[in-house]
Amino acid sequence: MVIKQWALSDFDIGRPLGKGKFGNVYLAREKEKGIVVALKILFKSQLVKSNVEHQLIREIEIQAHLSHPNILRMYNYFHDEKKIILILEYALGGELFKELQRKKRFDEPTSAKYIFQVSDALNYCHSKKVIHRDIKPENILIGSNGEVKIADFGWSVHAGKSRRETMCGTLDYLPPEMITRAKYDEAVDYWSVGVLCYEFLVGKPPFETKTKEDTYKRIRNISYVFPSFVSAGARDLIGKLLVRDPKQRINLVQVMEHHWVMSHVRREAIDRASQSSDPNE
Ligand SMILES: CS(=O)(=O)NCc1cccc(-c2cn3c(Cl)cnc3c(Nc3ccc(N4CCOCC4)cc3)n2)c1
């Protein structure tokens, strides 16, 4: 069978949806079938200048193989001499962080629904040995039924690849401080779900301060406080994720089954999630 070679001429290009550092995202319609998509057009010159082409290749490899209702689909990609174009699912609702800015903060049912969906999507990624590593409102879009769509896998990696292993060359010459640095594992995404839940409920992340140094200090000391309006259930969930020892953090299935999340998430969403996880589990 002939693999279709895509070109920009296959699309009617619409308004720009957003401007990014490496290029822009446009609303577009595929001419033959009239399917509405988002085209992320990246300039090779920009990618090379910022030395991120390997990251883009990893993003393409990873996102092209993921298929989940809460992960933005990448249908295909193509390139010409100057540009790389990603053919992406169009997220009708726009950016989640704009929604958060507009509403200041989300109520508990909305926050719990979003946390359930993000956890379900990340759990699916982890079942494929993919760690996202960059979960934040800026990387989440909203779909046509108000569901969240994790986008932008630019920073994700395949599990088991700690920085050490992704370093080229042998381990023998690494000094002790390089050996002790923690391996990346799925638990980095558990922590991010805790930060995301706090930011949904409060309107700003738990360790936010004026300077980078202070933020690092507060993360290291896990020093954060809850405003009085955050319920006991939400505090319990966040407290079980913002834990220093990665092994002590609850995992994503435990997040989805947490009483605070379950109390707000409707039955059919739970049934769908249990179907979407790996049947061999
Ligand atoms: C670095 S970057 O270029 O990748 N990110 C910058 C950026 C900035 C802003 C948006 C979007 C964006 C991306 N999308 C993708 Cl990918 C699929 N659908 C959308 C998508 N969809 C979308 C849908 C609706 C709206 N509206 C809704 C009505 O109010 C105005 C905004 C905006 C974006 N938006 C992207």
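All ligand and atom numbering here is 1-based and tracks the order in the structure. The basis for the numbers below is simple: all heavy atoms, side chains too, and nothing from hydrogens, waters or symmetry mates.
Atom 32 (C) of ligand 1 has Gly94 CA, 3.8 Å as its closest protein atom, hydrogens excluded (heavy atom only). When only non-hydrogen protein atoms are considered, atom 8 (C) of ligand 1 lies nearest to Gly18 CA, 3.3 Å. Closest to atom 14 (N) of ligand 1, if we only count protein heavy atoms, is Leu141 CD1, 3.7 Å. Nearest to atom 4 (O) of ligand 1 among the protein's heavy atoms is Lys40 CE, 3.0 Å.
Distance screen at 4.0 Å: atom 2 (S) of ligand 1 has a protein heavy-atom neighbour inside the cut-off. There is no protein heavy atom closer than 4.0 angstrom to atom 30 (C) of ligand 1. Contact annotation for atom 22 (C) of ligand 1: protein present (non-hydrogen atoms, distance under 4.0 Å).
Residue contacts with ligand 1, taken as heavy atom pairs separated by less than 4.0 Å, do not involve Lys98 at all. Heavy atoms of Ala91 found under 4.0 angstrom from ligand 1 belong to the backbone as well as the side chain.
Relative ring orientation between Tyr224 and Phe207 is described as perpendicular, the plane-to-plane angle rising above 60° on a 0-90° scale split at 30° and 60°.
Heavy-atom neighbours of Tyr75 OH from other residues, nucleotides or ligands within 6.0 Å: above the threshold of 12. In the displayed structure, Tyr90 atom OH is contacted under 6.0 Å by more than 12 heavy atoms of other residues, nucleotides or ligands. For Lys4, the NZ atom counts as densely surrounded, since its 6.0 Å shell holds more than 12 non-hydrogen atoms of other residues, nucleotides or ligands.
For ligand 1 and Leu92, the ligand atoms under 4.0 Å from any heavy atom of the residue are 23 (C), 24 (C). Atoms of ligand 1 found under 4.0 Å from any heavy atom of Arg15 (numbered from 1 in listed order, with element): 24 (C), 25 (C), 26 (N). Near Glu95, meaning under 4.0 Å from one of its heavy atoms, ligand 1 places the atoms 8 (C), 9 (C), 10 (C).
No hydrogens or angles considered: nothing links the side chains of His65 and Lys128 as a donor-acceptor pair under 3.5 Å. Side-chain atoms of Trp260 and Glu108 include a donor-acceptor pair closer than 3.5 Å.
Although no hydrogens or angles enter the test, the distance criterion places no donor-acceptor pair under 3.5 Å between the side chain of Lys240 and the main chain of Val255.
Residue contacts with ligand 1 include Leu72, since one of its heavy atoms falls under 4.0 Å from the ligand. Heavy atoms of Arg73 come nearer than 4.0 angstrom to ligand 1 in no pair at all. Residue contact annotation: Glu89 has a non-hydrogen atom under 4.0 Å from ligand 1.
A salt bridge links Arg102 and Glu99; the closest N-O separation between the charged side-chain nitrogens and carboxylate oxygens is under 4.0 Å.
Here the shortest heavy-atom distance to atom 5 (N) of ligand 1, taken over Leu88, Leu17, Val25, belongs to Val25.
Note that CG of Asp10 is 7.5 Å distant from NZ of Lys31, once rounded to the nearest 0.5 Å.
The residue from Ile13, Leu17, Leu39 that alone fulfils the side chain to side chain contact (heavy atoms under 4.5 Å, CB included) condition with Leu27 is Leu17.
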